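So the structure is just underneath, and the comments pick up after that.
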Amino acid sequence: MFDENKALRVKNFIERYLKHSKGRFAGKPFILEDWQYNDIIRLLYGTLNPEGFLNQFH
């Protein structure tokens, strides 16, 4: 099973509340690249087990 809304909630949280702490991007929000969302966040937080809960990584 897969739930796109669960993955989007994590993406929105990251991009809205997390900020870079050092370097030239200090204080600017994290904006995920497409590959970061599709290959990491989406798979980790959108994949559900048959009962509808987050996958085995949680």
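Note that the coordinates shown come from a computational prediction; the quantities given were computed from them, not determined experimentally.
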Exercise for the section: Please round to the nearest 0.5 Å and tell me the distance separating atom NZ of Lys6 and atom CZ of Arg42. Expected result: 15.0 Å

In a table with atom names and distances, give each donor-acceptor pair under 3.5 Å that connects a side chain of residues 9-27 to protein atoms at least two apart or in another chain.
residue : atom : partner : partner atom : Å
Lys11   : NZ   : Glu15   : OE1          : 3.4
Asn12   : ND2  : Leu8    : O            : 3.2
Glu15   : OE2  : Leu32   : N            : 3.0

Please output the side-chain donor-acceptor pairs of residues 33-40 that fall under 3.5 Å, not counting sequence neighbours, one pair per line with the distance.
residue : atom : partner : partner atom : Å
Gln36   : OE1  : Glu33   : N            : 2.6
Tyr37   : OH   : Glu4    : OE2          : 2.6
Asn38   : ND2  : Asp34   : O            : 3.2

